[in-house]
Structures are given as C-alpha cells and as structure tokens.
J.: 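Dropping a structure here in structure tokens format, bear with me for questions.
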Amino acid sequence: MIEINRIRENSNEIIERLSIKNFDSKEIITEILELDQQKREIQVKSDALLNQRNSISKEIGNLFKSGQAELANKKKEETVSLNTDIQDLKEKFNAIDSKLTDLLYQLPNTPHSDVPKGKTPEDNITIFEKGEIKKLHDKAKPHWELASEFDLIDFDLGVKITGAGFPVYKGKGAKLQRALINFFLDEAENSGYKEVIPPLLVNEASGYGTGQLPDKEGQMYHATEDNFYLIPTAEVPVTNIFRDVIIKKEDFPQKLTAYTPCFRREAGSYGKDVRGLNRLHQFDKVEIVQVQHPDSSYEALEGMIEHVKSLLEKLELPYRILKLCGGDLGFTAAITYDFEVYSIAQERWLEVSSVSNFETYQANRLKLRFKNEDGKTQLAHTLNGSALALPRIVAALLENNQTENGIKIPKALVPYTRFETI
RNA sequence: GGAGAUGUGGCAGAGUGGUCGAAUGCACUUGUCUUGAAAACAAGCGUGCUGCGAGGUACCGGGGGUUCGAAUCCCUCCAUCUCCGCCA
C-alpha cells in the first residue's frame, strides 16, 4: 500500500497519479488524512495518560514496599477514571486504525510517470515487436485440435477428474511441459536467479503481503478449513519470503526464480478466450522475482525485460511487448510490460508474460526494508515477471510450428525434450 | 491425531507481579592502546508510533483477560521439541 507519509506530504500528486489508473481517490484520501490526524491526536493523548498511570503505579509499588498500604490503596483510586479514559481512547484508536488500514488497502499503487493514459487494453502501447509471422499450410489447425490429434493434452479427461480448465498432459505433451519448465529454470539461473521451490498454499498474511488480499480474493481457491489459499502465481510465496525482513544493503539485489503450478478461479470468460489452453484454472509457470534498492529497480526491470525477450527469441516465437496503459495496469503495479506471442492459427496475440515494478507498494505491506546510508530503515522495491507461463507458449509452439509432417520443436528446446518433432 | 515440554533482543541465555526494554556472554560498530593486526580496555549496539528537541509510548510467539501495575498469573491460537500413533 501507499505509505501514509507520502499521502500526508503529496496527497494532490497521488490523486493525480491515481487518475491515470482511472481511480478517483479524492474522497478516500480526504478521509484517510482525517483519520490519520485523529489517530495521531488520540495516540498523543493516550500516551500521556499511560505515562500518568505508569508513574502512579510506580508510586503504589514504592508505597507498598515501604509499608504504607493505606496510602497506596488511596492512590489506586486515582487510576480508576484514568483507566476508563485509557480504555476509551484505546477503543477509539482501534476503530480508527482499522478503518484507516481498510482505506489504505483500497488505494492502488500510483503508476509510474511513463505509464500512458488509457482505459482499455486497446490503449496499451506496443513498444517492441520481433519475429516472423509465417504463413501456414492449408490444413493448419488451432492448438486444441493438434493437442487431441497428437494425443498431447486431454481436456475432457481433466473435466472428468476435476472440471473445465484442468487439462491432462500426456506423452510428448507432458514431456514438452517438463522440457519448458527446465529450459526456463536453466535460463533464469544463467541470468543470476536463485531457484526456490515454495509452498503452493499460503496463509492469509502472505495474501495481504503481495496484494492479492483483500483486493482479489475471488481469484484464489480458498481452503477454508485451514484458511489457506492456493497460489495464483509463485509471486505470492516467493515475494513473501521477504515479509518482515530487514535486508542488508550488501545483500541487494535478491533475485529468485521458481517453478510452480498456478491456480486461478477466474470469472466471467467465455468462447474463444477460454478455448484450449488460452485460459486455465491450473497452469504451470516459471516466475522471476527481484528485491532491489530503490535506486536500481528500474535498471533491474530492464534486465527482466531483456531476459524474457531472450526466452522468446530462443523459442523462435513472434512476439511483441506492450506498455500497459493506466486503465489496464494491475492494482499493485507501478508499471507493467506485457509480452504477447502470436498464435497463427487463432490469428491473435496471447499474453505470456507480465513484468512489473511494484516499487514500495508491496514492500510497505510486507515490511520489507533495508538500512540506508543514514542508518534509517527504508522500504525496498519489489519486481516480478513471468519467465514464462507455459500454456500459451505451448499453444503458440504447436500452432506456429505445425507442418504437414508434424510439429517442429525449436532448436533450443530439443536438448530438453530429446525429440525434434511431434 | 494423542500425551508432555518450550517459545525473551542477530545468536546463546537470566529474569520472586512493581526501579525490566529487559542481566550476562558471544557477534557487531566506534574509540583508546599498537608500525599494523590480535589481545585488553571503554562506549555504543532491536523495531514502530509520536515530538523541533529533551523526551513520551508500545512491543519478551499472536490475540484476549485478571490487576493500580504483566516478560512474569489465566484463557485461546500458532510454532518448535520429545514420546506414541498414522503415513509418501
């Protein structure tokens, strides 16, 4: 969430920035400032009363020690009204504080000054495009037909076992998944990311830490008996490694990568959007996460973009990079670049990666800090990106590489699949 | 899942309900000494809120309670350890 100090000092700037996200924050911020003011006043009062009580209590202790029980008991009476006042202030304080926290949770991150205005995905700006969009042969098919023709993915079987959006990968289809995961992990390691295998279920605190809660509660599967959530992305468990951590300056940057399945409930899609691998409830993804010093987080973001670019180029897929406009930007991100690959048989672009800088927004929730030159604790920056999400990569690979003699595996992947064609 | 024990500062480890934000040791930082280092000695050494500042206040696993006053007593949750059961 946005730091309260920033809101105190730059409320107008924040309101203006949030308007780029098409978020009208004027009322909330006014209320936040009021509550913040009240909260501090109450705290000062309460501190003063506690101070009084503490000194009276000390006196009572001393009186008892020196055998003046009568005087001590008389002193006790003084604390009666004091205690009701303290209790009163405590209740008020808690009420205001939880209201304030609630409102702060409702404020999205402020977009970076580079973020273009806009409301819908059409307003995103294509900043880079590369790769040849080939012509396919006459009998070219969409990936869901290829998947069933070559017996790679069984969607109906998944429906039987679980439900729609939980495919079963078979034979070379399963091996292709494994190959991609290993390829992505190796590439990440070569770029300096340390591999971790995190839990796939997280507690509530972790959900709040990265911002899935309370904003996107409905997106996550919820194991209510234990109050755990199935992770929608490795971002959640991996970034929460750093919750409540004060890292040493020399330990910057932290670069982690993780492969995990991801679980998303997703609501309200239909037709071609959800056909085949386009949108699933369970899918595999390799994520890269960085914790950075604020001065170098944008440089790190560039590095992450370069990393994802190199993956797509090694896979020989035509892709483009979009800079998301304010309206399409996620709740917690300051800036996001989406990577899309072209799916030839479907004749559409498919999002395969999202690379974002969250600046201090997540760090503030996580209490992820470092000691700066002045010896003060300061919030770090967090970043993450998909590198990459598998299903749509598979869709594009199958569709784009189909020939009349089968599907060709890109060269870079062959050492991992150990077969050249499907 | 059952029984028992434990949870204190970066680590180890004290702490009869009152002068405990917390002894002591180690680690760390700075200074003295030294050509330099080590050793020794001295000082410092957690996090938040609040205040221009001195300071005030809160935090001894989390939450709640008893009390004039809680690290210390009670309840509850969580975690760890030991034993038993179950199990990939």
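Within every chain, numbering begins at 1; the chains are lettered A, B, ... in the order of the sequence lines, protein sequences first and strands thereafter. We use all heavy atoms of the structure for the numbers below, so side chains are in, but hydrogens, waters and symmetry mates are not. Computed from a predicted model, the values in this text were never measured in an experiment.
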J.: Among the nucleotides B/A58, B/G18, B/U50, which one has an atom lying closest to any side-chain atom of A/N54?
T.: B/A58
J.: Taking B/U67 as the reference, what is the distance to B/C45 when you measure between their C1' atoms (whole Å, please)?
T.: 35 Å
J.: Is any NZ, NE, NH1 or NH2 atom of the basic residue among A/D123 and A/K117 found under 4.0 Å from an Asp or Glu carboxylate oxygen of the other?
T.: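 So A/D123 does not pair with A/K117 through a salt bridge.
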J.: Taking 4.0 angstrom as the limit, do A/D36 and A/R40 come out as a salt bridge?
T.: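 Result for this pair is yes, salt bridge flagged.
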J.: So, A/E313 and A/K309, do they make that salt bridge, N to O below 4.0 Å?
T.: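 Not counted as a salt bridge, because no side-chain N and carboxylate O are separated by less than 4.0 Å.
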J.: Return the nucleotide paired to B/G4: Watson-Crick means purine N1 to pyrimidine N3 with N6-O4 or O6-N4, wobble means G-U with N1-O2 and O6-N3, both under 3.5 Å.
T.: B/C81
J.: Would you measure the distance from the P atom in B/G7 across to the matching atom in B/C26 and give it in whole Å?
T.: 24 Å
J.: What integer distance in Å separates A/I86:CD1 from B/U67:P?
T.: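 To the nearest whole Å, that distance equals 15 Å.
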J.: Counting only side-chain nitrogens and oxygens, does A/R369 get under 4.0 Å of the OP1 or OP2 atom of B/G48?
T.: yes
J.: Any base atoms under 4.0 Å from A/T79, or only sugar-phosphate, or nothing? Heavy atoms, all strands.
T.: sugar-phosphate
J.: In whole angstrom, give the distance that lies between atom CD1 of A/I96 and atom P of B/C49.
T.: 18 Å
J.: Contact class for A/N62 vs. all strands (heavy atom < 4.0 Å): base, sugar-phosphate, or nothing?
T.: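 Base, at least one base atom sits under 4.0 Å.
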J.: Could you state the CG-C1' distance from A/D97 to B/C59, rounded to the nearest angstrom?
T.: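 So the CG-C1' distance, A/D97 to B/C59, works out to 15 Å.
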J.: In whole angstrom, give me the gap between the P atoms of B/A12 and B/G4.
T.: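 Pairwise P distance, B/A12 against B/G4, rounds to 27 Å.
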J.: Quick one: on RNA chain B, does A/K58 or A/A48 contact a more 5' nucleotide (nearest heavy atom)?
T.: A/K58
J.: Using purine N1 to pyrimidine N3 plus N6-O4 or O6-N4 for Watson-Crick, or N1-O2 and O6-N3 for G-U wobble, each under 3.5 Å, what pairs with B/G9?
T.: none
J.: With C1' as the reference atom in both, quote the distance from B/A71 to B/G62 in angstrom, rounded to an integer.
T.: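 One C1' to the other, the span is 15 Å.
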J.: Before accepting this row, confirm whether a basic side-chain N of the pair A/E13/A/R6 lies closer than 4.0 Å to the acidic partner's carboxylate O.
T.: no
J.: Would you measure the distance from the P atom in B/C74 across to the matching atom in B/U66 and give it in whole Å?
T.: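 It works out to 15 Å between them.
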J.: So, does A/R8 get its side chain near the phosphate of B/U50, meaning an N or O under 4.0 Å from OP1 or OP2?
T.: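 Yes, A/R8 has a side-chain N/O under 4.0 Å of OP1/OP2 on B/U50.
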J.: Look at the rings of A/H281 and A/Y221 and say which category their plane angle falls in: under 30° parallel, 30 to 60° tilted, over 60° perpendicular.
T.: perpendicular
J.: Rounded to whole angstrom units, what separation is found between the CZ atom of A/R40 and the P atom of B/C49?
T.: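 In whole Å, B/C49 P lies 11 Å from A/R40 CZ.
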J.: Toward the 5' end of RNA chain B, which comes first, A/R53 or A/N5, by nearest nucleotide?
T.: A/N5
J.: Whole Å only: how far is the CD atom of A/Q87 from the C1' atom of B/G69?
T.: 15 Å
J.: For A/L50, which contact category applies under a 4.0 Å heavy-atom criterion: base, sugar-phosphate, or nothing?
T.: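 A/L50: backbone/sugar contact only, no base atoms under 4.0 Å.
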J.: What is the pairing partner of B/U67, taking Watson-Crick or G-U wobble pairs with both distances under 3.5 Å in any strand?
T.: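 No nucleotide pairs with B/U67.
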J.: Would you please confirm or rule out a distance under 4.0 Å between OP1 or OP2 of B/G56 and any side-chain N or O of A/N51?
T.: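 For B/G56, neither OP1 nor OP2 has a side-chain N or O of A/N51 closer than 4.0 Å.
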J.: Indicate yes or no for a side-chain donor-acceptor contact from A/K141 to the backbone of A/A147 under 3.5 Å, with no hydrogens or angles considered.
T.: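 The answer is no, because no donor-acceptor pair under 3.5 Å joins these two groups.
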J.: Could you tell me how far B/C68 sits from B/U32 if I compare only their C1' atoms? Round to whole Å.
T.: 49 Å
J.: Are OP1 or OP2 of B/G69 and a side-chain N or O of A/N83 less than 4.0 angstrom apart?
T.: yes
J.: Considering every strand and a 4.0 Å limit on heavy-atom distances, what is the contact class for A/T377: base, sugar-phosphate, or nothing?
T.: sugar-phosphate
J.: Which whole-number value in Å describes the distance from A/E41 CD to B/C49 C1'?
T.: 15 Å
J.: Which of the following nucleotides, B/C49, B/G18, B/G56, is nearest to the side chain of A/I60?
T.: B/G18
J.: Using the C1' atom as the reference point in each nucleotide, state the distance between B/G15 and B/U72 in Å, no decimals.
T.: 8 Å
J.: Could you let me know what B/C41 is paired to, Watson-Crick or G-U wobble, both distances under 3.5 Å, or none if it's on its own?
T.: B/G31
J.: With a 3.5 angstrom cut-off on both distances, give the Watson-Crick or G-U wobble partner of B/C59, or none if there isn't one.
T.: B/G46
J.: What is the distance from CG of A/L89 to P of B/A58, rounded to the nearest Å?
T.: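 In whole Å, B/A58 P lies 14 Å from A/L89 CG.
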J.: Kindly confirm or rule out a cation-pi arrangement of A/K172 over A/F419, judged by NZ or CZ under 6.0 Å from the six-membered ring centre and within 45° of its axis?
T.: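 The answer is yes, since A/K172 meets both limits relative to A/F419.
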J.: Nearest whole angstrom, please: distance from the P of B/G18 to the CD of A/Q68.
T.: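 Checked: the CD to P distance equals 19 Å.
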J.: Taking the P atom in each of B/G64 and B/G55, what is the distance between them to the nearest angstrom?
T.: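 It works out to 30 Å between them.
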